[in-house]
Trainee: 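Have a look at this one.
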Amino acid sequence: MSSMTEPLVRRLRPFTSTIFAEMSALAVSTGAINLGQGFPDTDGPASMLAAAQQAIADGANQYPPGPGIPELRQAIAEARLADYGQRFNPDTEVLVTVGATEAIAAAVLALIEPGDEVIVLEPFYDSYPAAVAMAHGVLVPVRLRPCGDPAIGRFALDPQALADAVTDRTRLILLNSPHNPTGTVLTHAELAAVAAVAIDRDLIVVTDEVYEYLTFADGDAAGPGTGDGAADGARPVPHLPIGTLPGMAERTLTVSSAGKSFNVTGWKIGWVCGPAPLVAAVRAVKQFLTFVGGAPFQPAVAGALRTEREWVGGLRKSLQDKRDRLCDGLTAAGFEVVRPQGTYFVVADIRPMLRRAGSAADTDGLTFCRTLPDRCGVVAVPQQVFYADPAAGAHFVRFAFCKRDEVIDEAVRRLAGSSV
Ligand SMILES: *Cc1c(COP(=O)(O)O)cnc(C)c1O
């Protein structure tokens, strides 16, 4: 084939279009409610938005320092210390990036040789396989599986499956907790198992913790149908950074971002923290990907990390209510859902609904999602595209609940009235 008709290099051809672009375009063309892509429909803290505007007015419009402005690196180090007891030197162990996405891509590009294997949790975030492919690496998925009663269960990590996935070519474990899309917050036991493998096989762990503050109280204490308020008194499931486990600080790069914590997914201010040699390696790549980013946003995020913790607590609480609102609605509409412990998302099994409607048993999530906007005016995202073996995720679809209550309610109303 001519290099003009198929110019993209072979290893990146699987990544030409994303399911989010397809489903968001469908939402626009059909006027459907978009519970596909995970972005909030309300703004972040007012003081933070004002600080960014002020920074522009004050002239923070040229290249900031390569590693990020000192004030932001300091605020990131202070937050990690206050929240988790992690100690990072803001000068050598914290790097500001263009979102978590760049931090992950730069880390993978910096740390693996061609042919090296990268272990990821499956279903995986869509940028992971693309980053691994850009680095000529090999993606090795380890599947999270639903366990327990769907209403109170979770997707769990099988430590043996993880240990079995390691080979002599494994270089990195790319972890994500709280996990998109399953909503799983990895337990101490699961993290300890990952740590044991990483230490035993001398692996680096890159941990994507963009939902670090967005965890919820487990389950639905008062039973189905009474979701809102049921878990009010219960404490959220704690997020535990794997970098805090014994022997892990020296081999862990911790990635996070302002986007999810402060409802500013369009600002693309992220960061990576870890031991100086690992951070220096990521910086070497980062400086030639984007050099720097987001000058006026950096002081605003620094301020928010220092002064808007209460706002984040309110966001967490409101998302917990939205989780229950959507999960109860989906259950009533005939889906089987695993109630997530964190993130913006709930994964729903479409099989019970299909059975009830007497639909073709082989209807998969992709077909289901492609026809859902026309059938009832709602957009969801099929999960099979986030599995190496699509059949394994064919019956799962993902809905986002980071939306205004009235939007969730209308989506649920439409889903309940839909014919499959
Ligand atoms: C949203 C998201 C990201 C991207 O973060 P940015 O800061 O916008 O680059 C990374 N990882 C996961 C799991 C996400 O859901």
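Every number for a ligand or one of its atoms is a count from 1 in the order of the listing.
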Trainee: Quick one about Tyr213 and Asp83 (side-chain donor to acceptor, distance below 3.5 Å, no hydrogens or angles considered), yes or no?
Mentor: yes

Trainee: I want to check a possible cation-pi pair here: Arg398 against Phe345, using under 6.0 Å from ring centre and within 45° of the ring axis as the test.
Mentor: yes

Trainee: Would you call the rings of Tyr387 and Phe396 parallel, tilted or perpendicular, taking 30° and 60° as the class edges?
Mentor: parallel

Trainee: Under 3.5 Å, is there a donor on one side chain and an acceptor on the other for Asp164 and Gln160?
Mentor: yes

Trainee: Identify the protein atoms, limited to N or O, that lie within less than 3.5 Å of an N or O atom of ligand 1, and list each pair with its distance to 0.1 Å.
Mentor:
from, atom 1, to, atom 2, distance (Å)
ligand 1, 7 (O), Ala100, N, 2.8
ligand 1, 7 (O), Ser257, OG, 2.6
ligand 1, 8 (O), Lys268, NZ, 3.2
ligand 1, 9 (O), Ala100, N, 3.0
ligand 1, 9 (O), Thr101, N, 2.9
ligand 1, 9 (O), Thr101, OG1, 2.6
ligand 1, 9 (O), Lys268, NZ, 2.8
ligand 1, 11 (N), Asp208, OD2, 2.6
ligand 1, 15 (O), Asn180, ND2, 3.0
ligand 1, 15 (O), Tyr211, OH, 2.7
ligand 1, 15 (O), Lys260, NZ, 3.1

Trainee: Less than 6.0 angstrom from the centroid, inside 45 degrees of the normal: does Lys317 satisfy that with respect to the ring of Phe216?
Mentor: no

Trainee: Between the side chains of Thr184 and Gln341, is a donor N or O closer than 3.5 angstrom to an acceptor N or O?
Mentor: no

